[in-house]
Structures are given as structure tokens and as C-alpha cells.
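Heads up, the thing below is written out as C-alpha cells.
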Amino acid sequence: MTGKTEIIRKPSPWPILIAALAWAIVCLILPMIQLWHYLAALAAGGIAYGIARHQIPDQEIEVEIPLTPLQQQQLQQLEAARSALTGLQQAAAKVEGPAMTQDLRKIESVCRQIVEEMEKQQRFNDQARRLVDYYLPMLTKLLETYDELEADPLQTQNIQNSRQNIKKTVKLCAEAFVKQWDDLHEHQSMEIQADSDVLETLLVKQGLVSPGQKEDKA
């Protein structure tokens, strides 16, 4: 989510200036002694204003709408989410090995979709906040540690054990993140099921679908 702007239409000042100019011209031409002289000047100004107002479009001014404290907080959360995702991608790019790379791609895909979903809905739920504040930074730190261990020329037994532990953790994270993405859509799935049941019931009542067809679908 980013700060929003709004287009405000503002009448151009030119019609007023042109009307004043028409008034001044008539005042210079006529002696401005009798009442009709003033009425003629007023009429000239009014006609000039009407023509100019019709010909000259309104000004369009783009103004920024101030964010509410809640929107500012959401914007900060989104920026933190993007930063955390970028950090994960950079750390994952250094990892070699097909199995671990596949798990990391799955994690990246889920995290990217969660961030995009939260940006579209302009809100963060508790699960997404935990993802951004804890899971992604911790996983990124583990990947950075894995890269350091992999670059160690000695590759002692402890180093190999640590690498294996990190691989297992990455695999568990991939499964957990996919489940979290599925949980985020659980409520939506329930709403869709409820709407489908109502629509199918109405179709059966109106005789457009037989009860057997509805049961076959189930």
C-alpha cells in the first residue's frame, strides 16, 4: 500500500479575468453616465464570463491524502515485509543443492503471495505479522549461516551436522509456509462453499436443477 492522491477540480481564474477585461473595455468606450451604460458593461462582463467558462476547462489539481495512523502502520509493515522477502531471496540465491533450492523456491513463492495479498487487502493479520517479524528474519539468518558453513574448507563433522539441521529446518519451513497460505484462505473457502450451497438450493427450489444433481455434486 502506498499513499493515495486525489484529483480536485478547481475553476480556472481566467473567465473572471476575461469578464473584468470586458467590463473595463465597455467602461472605456461608454461615458458611464446613464444607468444603461453600467448595465451594458455588466452584460458584457457576464457574456464574456459565460463564453470563457464554457471554453476554458477547470484546473485539475492532484493532492495527497494524508495517511491515518493505522494506514501508516500498515505501510511500515508492508515495507518491512518487502525488505524481509528481499533479504530471504538474496540469501537463498547463494544456496546450492536441488532439494534445498526447491524448498526455498516454495518458501519464496508463498511469502511473495502473502505479501501481495496483504498489500491488496491493505491489512496484516497475526499470521502475516509473525511471518514478517520472526519467521523470515530467522530463516534468512539460518541461510546466511548455512552459506558460511558451506564455505568452510575444513567441513568437520559438526559443520556437516549443522548444515543438515539447517536443511531439515528449511524443509519444515516450506511445509509450514504452504500450510499458512492455505490457512489464510480458509475463511474465503468457507464463504464460497456457503454461497454455493445457497445458490444450489435456490436452483433446486425453482426446479432448474433436480435434487439428484445437487447430491451428485456432493
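Scope of the values below: all heavy atoms of this structure, side chains included, with no hydrogens, waters or symmetry mates. Position 1 is the first residue of the sequence, and the numbers go up from there.
Here I18 is tied into one hydrophobic group with W14, L17, I56, each link being a pair of ILVMFWY side chains closer than 4.5 Å. Cluster partners of V198, by chain and number: L202. The rule joins Ile, Leu, Val, Met, Phe, Trp and Tyr whenever side-chain heavy atoms lie under 4.5 Å apart.
E150 pairs by the salt bridge (Lys or Arg N to Asp or Glu O under 4.0 Å) definition with R163, not counting sequence neighbours. For Q76, the side-chain hydrogen bond (donor to acceptor under 3.5 Å, both in side chains) criterion is met by no residue, not counting sequence neighbours. Residues meeting the salt bridge (Lys or Arg N to Asp or Glu O under 4.0 Å) test with E62, sequence neighbours left out: none. Qualifying side-chain hydrogen bond (donor to acceptor under 3.5 Å, both in side chains) partners for S109, counting only residues two or more places apart in sequence or in other chains: Q113. Partners of E116 under the side-chain hydrogen bond (donor to acceptor under 3.5 Å, both in side chains) rule, at least two apart in sequence or in another chain, do not exist in this structure. A search for side chain to side chain contact (heavy atoms under 4.5 Å, CB included) contacts involving K168 returns nothing, not counting sequence neighbours. Partners of L28 under the side chain to side chain contact (heavy atoms under 4.5 Å, CB included) rule, at least two apart in sequence or in another chain, do not exist in this structure. By the side chain to side chain contact (heavy atoms under 4.5 Å, CB included) test, S162 is found to be paired with L149, residues two or more places apart in sequence or in another chain being considered.
Using a 4.5 Å cut-off on side-chain heavy atoms (C-beta onward), I7 and I61 make no contact. You'll find the side chain of E108 reaches within 4.5 Å of the side chain of Q89, heavy atoms only. Using a 4.5 Å heavy-atom cutoff, the side chains of L78 and R82 are in contact.
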Under 3.5 Å, which donor-acceptor pairs link side chains of residues 92-104 to any protein atom two or more places apart or in another chain?
unit_1 : atom_1 : unit_2 : atom_2 : d
T101   : OG1    : G97    : O      : 2.6

Mind listing the side-chain donor-acceptor pairs of residues 37-54 below 3.5 Å, one per line with the distance, residues two or more places apart or on another chain?
unit_1 : atom_1 : unit_2 : atom_2 : d
H37    : ND1    : M32    : N      : 3.4
H37    : ND1    : I33    : N      : 2.9
H37    : ND1    : Q34    : N      : 3.1
Y38    : OH     : M32    : O      : 3.2
R53    : NH1    : D58    : OD1    : 2.8
R53    : NH2    : D58    : OD1    : 3.2

Run the side chain to side chain contact (heavy atoms under 4.5 Å, CB included) check on C111 and F177 step by step: do they pass? CA-CA 8 Å; C111 292; F177 281 23; 3.5 Å; yes

Show, in sequence, the C-alpha distance, side-chain angles and deciding distance for E175 and L172, and conclude whether the side chain to side chain contact (heavy atoms under 4.5 Å, CB included) test is met. CA-CA 5 Å; E175 297 173 356; L172 289 175; 4.1 Å; yes

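Taking OG1 of T156 as the start and CG of N161 as the end, the distance is 8.5 Å to the nearest 0.5 Å. Separation of atoms CG (D147) and CG (L142) is listed at 12.5 Å; rounding is to 0.5 Å. The distance from atom CG of N158 to atom CG of D152, rounded to the nearest 0.5 Å, is 11.0 Å. One distance of note links OG1 of T86 with CZ of R112; it measures 11.0 Å at 0.5 Å rounding. For the atom pair Q160 CD and N165 CG, the distance stands at 12.0 Å (nearest 0.5 Å).
The two residues G87 and T140 have their closest heavy-atom pair at O-CG2, 3.6 Å. Of all heavy-atom pairs spanning A174 and I107, the tightest one is CA-CG1, 3.5 Å.
In the hydrophobic clustering of ILVMFWY residues, with side-chain heavy atoms under 4.5 Å counting as a link, I159 and V170 come out together.
Between the side chain of E60 and the backbone N or O of I8 there is no donor-acceptor pair closer than 3.5 Å.
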